[in-house]
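Notes for the one structure printed next.
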Amino acid sequence: MFIIEDKGGAIAIMCASLLFLGTWPAVLTLLERRGRLPQHTYLDYSITNLLAAVLIALTFGQLGEPKHNMPNFFTQLSQDNLPSVLFAMAGGVVLSIGNLSTQYAWAYVGLSVTEVISSSMVVVIGTTLNYFLDDRINRAEILFTGVGCFLVAVILGSLVHASNAADNEKKLSESTNSYKLGKDGGTETGKQVIDKDAPKDMENGASADYATKAEAGTAEYLIELEERRSIKVFGSSTYIGLGIVFFSGICFSLFSPAINLATNDQWHTLKDGVPHLVVYTAFFYFSISCFVVGIGLNILFLYHPRAGVPKSSFKAYLNDWEGRQWALLAGFLCGFGNGFQFMGGQAAGYAAADAVQALPLVSTFWGILLFGEYRKSSKKTYTLLALMLLMFIAAVATLMASSGHRSTK
C-alpha cells in the first residue's frame, strides 16, 4: 500500500488536488452556459467520479506489502469495520448533495464567488472540526489565523457578488437593443424578455446576431448568455443564489471530518483488533455513496426539474452526447482531486489538507478566462475582488504553514 512518508510529499499531492478541484467546476459551468441540462451533465460526472475512486483503490491501495495495521484494499473489504464504513459513506452523501447544489449556484452567483464562499465555509467549520479530531497535530496559532482569513474572504465574496449583480443590473437597464426589461407582454418587472422571433444558431443555442457580436461584460453578452444557458437566472433574487451557496458550504464542511473519523476512529467505534480503514478503502466507500445519491437525485430531477430547468428523460440523457466528454473529464478531475486531498490529509493532518480549498483561486482564473466574469465591472467590484483573492492567498499560506505529521506507527 502506498504511504506518503514526508511533509513535502503531502504538500505536493495536495497541490495536485488543488489544481484538479479548482478546474472541474469550470468544466461543468462551461457546459451549463452552452445549454446542456445539469441533470445530464451530473449523471455523466458521477460515473467517472466513482471510476476514479476505484482506480485509486486498485493501484495506490494495493501497492506494496500489507501491514498488520494497514491492510491492502482487498483484504480490508472483508473486515468487520462497518462503523467506519458508515462514516465514510455519510461523507459521500453530504459531498454529493453539496456538489449538486453548487451546479445551480454557479448559474445564480457565478463560478468565482460560489467557490470562494463555499470553500471558506469548509475551512471555517470543517477545519475547526478536523483540528480537534486530529488530536491537535497542527499548530493552532497559525491554523486559526488562516481560518480567520477565510472568514474574511467569505464576507468579501458576498460583497463582490452584490456589487457585480448591481453592475449587471445597471448594464441591462441601460440596454437599447430588442431585449427589454420590466413589464412587457405580461412578464414580471425585473424579468428579461427574450425575442422569440430572433434567428437561432443551432450549434450555439444563441441568437445568430449576438453570437458573433456580443462582447464579454456587455448587456448584450449577458442577454445572449441567459438565452443560451440551461438555468435561467434573470429576475431571480440575489438571496436565492447566496442561500444555495451557504447550504452547499455547510454540506462541504462535513465530508472531510467524516472521512477523518472513518480513517482514524477517534470515537472508538471499531472492535478491538480491527484495523482502521485505510484512506483508499474509506475513499472507495465514500465515492459509492456519493455515486448513489448523485445518480438517484439526478434521475429524479430529469422528470421533476428544479430552478426552471426543462424536463427531460433517461432516454433523452442517453442520446445526449453533446459535451459528454467534458462532463466525464470533470468527474475524473473531481475524483482524483478528492482522493489526493484525503491522502494528503492522512499524512499531514486533515485540517492542513483543507488548504486545497484554495481551489477558488483556480476557479476564478477559469471564470475570468473562459466566461468573462467581471468584465466591464465597476472599480468597486474590482477592488473587492482583489481584496478577496489577496485574503484567500494569505489564508492558504497560513493553513499550509500549520501542517503537522501524523505518525503511522
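Side-chain atoms are counted along with the backbone in the values below, which use heavy atoms only and exclude waters and symmetry mates.
- At distances below 3.5 Å, at least one donor-acceptor pair connects side-chain atoms of Ser46 with backbone N or O atoms of Tyr42.
- In this structure, the side chain of Gln341 does not engage the main chain of Ser17 through any donor-acceptor pair within 3.5 Å.
- Applying the side-chain hydrogen bond (donor to acceptor under 3.5 Å, both in side chains) definition to pairs two or more places apart or across chains, none involves residues 282-292.
- For the pair Val54/Phe284, a side-chain contact is recorded, criterion being any heavy-atom separation below 4.5 Å from C-beta on.
- Between Phe336 and Phe20, the distance from one ring center to the other does not fall under 6.0 angstrom.
- When atom types are taken as modelled, the side chain of Gln62 and the backbone of Phe74 share a donor-acceptor pair closer than 3.5 angstrom.
- A donor-acceptor pair shorter than 3.5 Å can be found between the side chains of Tyr317 and Asp44.
- The CD1 atom of Ile155 sits 12.5 Å away from the CG atom of Leu387 when rounded to the nearest 0.5 Å.
- A donor atom on one side chain and an acceptor atom on the other are not found under 3.5 Å apart for His276 and Ser84.
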Under 3.5 Å, sequence neighbours excluded: what are the donor-acceptor pairs made by side chains of residues 244-252?
unit_1: Ser248; atom_1: OG; unit_2: Ile244; atom_2: O; d: 3.4
unit_1: Ser248; atom_1: OG; unit_2: Val245; atom_2: O; d: 2.7

query: Under the side chain to side chain contact (heavy atoms under 4.5 Å, CB included) criterion, do Phe283 and Ile259 qualify, and how do the steps go?
result: CA-CA 8 Å; Phe283 183 49; Ile259 284 289; 5.6 Å; no
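- With sequence neighbours excluded, no residue forms a salt bridge (charged side-chain N to carboxylate O under 4.0 Å, His left out) with Arg375.
- Screening residues 96-106 for side-chain hydrogen bond (donor to acceptor under 3.5 Å, both in side chains) gives Tyr45-Asn99, Trp106-Glu115 as the qualifying pairs, with residues at least two apart or on separate chains.
- Without hydrogens or angle criteria, Arg306 side chain to His304 main chain gives a donor-acceptor distance under 3.5 Å.
- Nearest heavy atom pair, residue Leu28 against residue Ala330, reads CD2-CB, 3.6 Å.
- Of the inter-residue distances, the one linking Asn49 atom CG with Asn338 atom CG reads 6.5 Å to the nearest 0.5 angstrom.
- Using a 4.5 Å heavy-atom threshold, the side chains of Val160 and Tyr374 count as touching.
- Using the six-membered ring where Trp is involved, Phe255 and Phe286 have ring planes that are tilted, between 30° and 60° apart.
- Looking only at distances, a side-chain donor or acceptor of Arg228 sits under 3.5 Å from a matching main-chain atom of Arg33.
- Judged by distance alone, the side chain of Thr398 and the main-chain N or O of Ala394 form a donor-acceptor pair under 3.5 Å.
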task: Might you work through the side chain to side chain contact (heavy atoms under 4.5 Å, CB included) test for Phe132 and Gln266, ending with a clear yes or no?
output: CA-CA 10 Å; Phe132 291 104; Gln266 291 93 334; over 6 Å; no
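- Remark: Arg324 CZ to Leu329 CG distance equals 14.5 Å, nearest 0.5 Å.
- Residue Leu133 holds its CG atom at 9.5 Å from OG1 of Thr263, rounded to the nearest 0.5 Å.
- Nearest heavy-atom pair, Val27 versus Trp326, reported as atom, atom and distance to 0.1 Å: CG1-O, 3.2 Å.
- A donor-acceptor contact shorter than 3.5 Å links the side chain of Asn298 to the backbone of Gly294.
- Of the possible donor and acceptor atoms, one in the side chain of Ser313 sits under 3.5 Å from a partner among the backbone N and O of Ala316.
- Remark: Lys171 NZ is packed, more than 12 non-hydrogen atoms of other residues, nucleotides or ligands lying under 6.0 Å away.
- Take Lys170 and apply the side chain to side chain contact (heavy atoms under 4.5 Å, CB included) test, not counting sequence neighbours, and it matches Glu174.
- Contact of the Phe314 side chain with the Tyr303 side chain is registered, since non-hydrogen atoms from C-beta on lie closer than 4.5 Å.
- To the nearest 0.5 Å, atom CZ of residue Phe60 and atom OH of residue Tyr280 are 6.5 Å apart.
- A distance of 11.0 Å separates SG of Cys149 from CG of Leu390, quoted to the nearest 0.5 Å.
- Side chain of Ser253 to backbone of Met121: a donor-acceptor contact under 3.5 angstrom is found.
- Side-chain contact between Thr281 and Val278 is present, with heavy atoms from C-beta onward closer than 4.5 Å.
- Looking at every heavy atom in both residues, Pro257 comes nearest to Leu254 through CD-O, 3.4 Å.
- By the side chain to side chain contact (heavy atoms under 4.5 Å, CB included) test, Ser230 pairs with Glu32, Leu37, Pro38, sequence neighbours left out.
- Within the 4.5 Å cutoff, the side chain of Pro71 has heavy atoms near those of the Gln79 side chain.
- Remark: side-chain polar atoms of Tyr382 are paired, donor with acceptor, to backbone N or O of Ser377 under 3.5 angstrom.
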- request: Applying side chain to side chain contact (heavy atoms under 4.5 Å, CB included), run through Thr269 and Phe87 and close with a yes or a no.
  value: CA-CA 10 Å; Thr269 57; Phe87 278 124; 4.2 Å; yes
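- For the 3.5 Å distance criterion, the side chains of Thr381 and Asn164 fail to qualify, holding no donor opposite an acceptor.
- Smallest separation of non-hydrogen atoms from Leu384 and Leu159: CD1-O, 3.7 Å.
- Summarising the geometry of Gln39 relative to Val309, their closest heavy-atom pair is OE1-CG1, 3.4 Å, with the distance given to 0.1 Å.
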task: Assess whether side chain to side chain contact (heavy atoms under 4.5 Å, CB included) is satisfied between Thr23 and Leu19, documenting all intermediate values.
output: CA-CA 6 Å; Thr23 299; Leu19 177 61; 4.1 Å; yes
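- Across Thr48 and Leu328, no two heavy atoms sit closer than the pair OG1-O, 2.7 Å.
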